[in-house]
Amino acid sequence: MRQLLLLAATLLWQATITAQSTADSLLLKDYHPISIYHVPVTKVSRAAWPATDMHSHPYAQTAADIDKWVRTMDSAGIARTVILTYSTGTRFDSIVDRYSRYPGRFTFFCGFDYTGFGEPGWTEKAVAELNRCYKKGARGIGELGDKGEGELYSKPTPGRGIHIDNPALKPLLTRCADLKMPVVIHVAEDQWMYEPINAHNDGLMNAATWYVNMNVPGKLDHDQLIAGLDKAIAENPRVIFVACHCMNCCSNLDHLAALFDKHPNLYDVLRKIYQTNAEKILFGK
């Protein structure tokens with residue numbers, strides 16, 4: 001009996017050591033817990049009312065892909081999808097033509113044309129291209145994107161070194177206000193992406209994936225980018241700005257709330273996008 005008890009104690013000790021060793025060696029990226037809780041679960045597979053997907057891109061490249069996309073929209077109760085093309089010129093035109101087989105199901109946002117920025121006559125050419133894109137079907141601008149080195153999302157010509165509060169963009173933004181074209185813009189990244197990638201970063205996995213390298217001369221940091229957008233919104237009160245991803249201020253919601261309070265023309269999914277008058281606010285309908 002004593003030997004059996006000794007054997008049982010030894011096996012229990014070995015199991016404990018093995019369990020502890022496994023826990024100590026398991027990497028966070030390999031940890032995928034399966035919940036043991038038996039709680040009510042509600043899976044919403046379809047919108048109760050016709051919904052608008054406010055943030056998508058021209059992912060579908062073929063007619064078959066677009067057909068499949070529309071079927072998915074139908075099954076989920078999505079009445080319309082906003083395609084943020086980033087684009088101007090023939091690139092924008094080709095996207096509109098590709099999706100126009102489904103009238104009313106897609107709304108198109110164009111970019112700004114930075115070709116020849118700083119050269120004589122650039123302003124007139126950029127505004128003319130904006131007008132042309134509007135006539136082609138653009139109903140907003142976006143997605144503009146600045147992670148510190150300038151507005152690099154625009155295609156085919158990125159606005160390297162050009163930030164949204166640059167005075168040279170004022171005529172373009174004024175024309176957006178005239179045409180009632182909202183400006184969708186992504187500035188900065190969440191604060192985690194600027195912090196050291198170490199054991200103390202509480203957004204470690206996202207931070208490692210989207211780490212922002214600040215070792216670039218002249219690159220603006222998180223707070224500088226937010227301040228620049230704050231300035232642009234204040235200087236263009238007739239323009240509707242839609243700041244993607246809560247303006248990447250998730251680590252400081254007090255700051256985000258203060259910006260919402262300060263600017264009635266600043267929007268996000270947290271504020272007014274899904275109000276009943278969103279169509280009128282954003283699309284002038």
Side-chain angles (χ1 to χ4, degrees), residues 22-35 37 44 53-59 82 84-86 109 111 141-155 158-166 182-234 240-263 265-274:
T22 299
D24 290 344
S25 62
L26 183 64
L27 299 178
L28 180 60
K29 68 181 181 66
D30 297 324
Y31 180 55
H32 305 290
I34 299 174
S35 177
Y37 294 98
V44 179
D53 178 354
M54 273 296 301
H55 191 129
S56 195
H57 300 291
Y59 300 117
V82 176
L84 307 177
T85 72
Y86 314 107
F109 282 25
I141 303 298
E143 167 189 8
L144 303 184
D146 186 354
K147 299 183 180 182
E149 297 178 51
E151 206 288 284
L152 302 185
Y153 280 21
S154 286
K155 302 176 185 296
R160 183 167 298 279
I162 306 169
H163 307 289
I164 192 63
D165 60 336
N166 190 310
V183 176
V184 175
I185 182 168
H186 176 145
V187 294
E189 293 286 19
D190 284 324
Q191 189 62 46
W192 300 301
M193 287 59 159
Y194 299 83
E195 301 297 322
I197 306 300
N198 58 30
H200 303 295
N201 190 317
D202 68 348
L204 181 62
M205 303 310 291
N206 278 335
T209 301
W210 301 104
Y211 181 70
V212 178
N213 178 16
M214 288 303 299
N215 296 319
V216 177
K219 188 170 185 175
L220 302 186
D221 62 23
H222 178 277
D223 292 348
Q224 289 173 314
L225 288 165
I226 301 302
L229 180 55
D230 181 9
K231 180 172 178 284
I233 296 170
I240 295 294
F241 287 89
V242 182
C244 301
H245 320 305
C246 303
M247 205 186 291
N248 288 300
C249 289
C250 298
S251 62
N252 191 343
L253 295 181
D254 287 341
H255 189 189
L256 180 63
L259 289 168
F260 281 153
D261 290 341
K262 180 180 179 181
H263 302 297
N265 59 324
L266 172 62
Y267 293 75
D268 191 89
V269 292
L270 292 180
R271 181 199 191 189
K272 295 185 180 179
I273 289 297
Y274 295 123

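As a basis for the values below, the full set of heavy atoms in this structure was taken, side chains included, without hydrogen atoms, waters or symmetry mates.
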[X] versus [Y]: any side-chain heavy-atom pair under 4.5 Å?
X	Y	answer
I164	D146	no
I185	M247	no
I226	C249	yes
V242	V183	no
I141	V184	no
L259	D230	yes
K147	H186	yes
Y194	V212	yes

Output the distance between atom [atom1] ([X]) and atom [atom2] ([Y]), rounded to the nearest 0.5 Å.
X	Y	atom1	atom2	answer
K231	N166	NZ	CG	8.5 Å
E189	D221	CD	CG	13.5 Å
I233	F241	CD1	CZ	6.0 Å
L26	H32	CG	NE2	8.5 Å
N252	D190	CG	CG	11.5 Å
M205	W210	CE	CH2	13.5 Å

Between the main-chain N or O of [Y] and the side-chain N or O of [X], is there a donor-acceptor pair closer than 3.5 Å?
X	Y	answer
Y86	F109	no
N201	P196	yes
N206	M193	no
N213	N215	yes
S154	G159	no
H222	N248	yes

Residues, nucleotides or ligands: over 12 heavy atoms within 6.0 Å of Y31 OH: no

Are more than 12 heavy atoms, taken from residues, nucleotides or ligands other than I34, located less than 6.0 Å from that residue's CD1 atom? no

Would you say the side chains of H57 and E143 form a donor-acceptor pair under 3.5 Å? yes

Check: Q224/H163 side-chain N/O donor and acceptor closer than 3.5 Å: no

Checking H55 against H245 for the ring-ring contact (aromatic ring centres under 6.0 Å, His included) test, could you report, in this order, the C-alpha distance in whole Å, the side-chain angles of both residues, the deciding distance, and whether it holds? CA-CA 10 Å; H55 191 129; H245 320 305; 5.5 Å; yes

Please find the pair of heavy atoms, one from [X] and one from [Y], that lie closest to each other, and give the distance.
X	Y	value
G148	L225	N-CD1, 3.6 Å
Y37	S35	N-OG, 3.2 Å
E151	G145	OE2-N, 2.8 Å

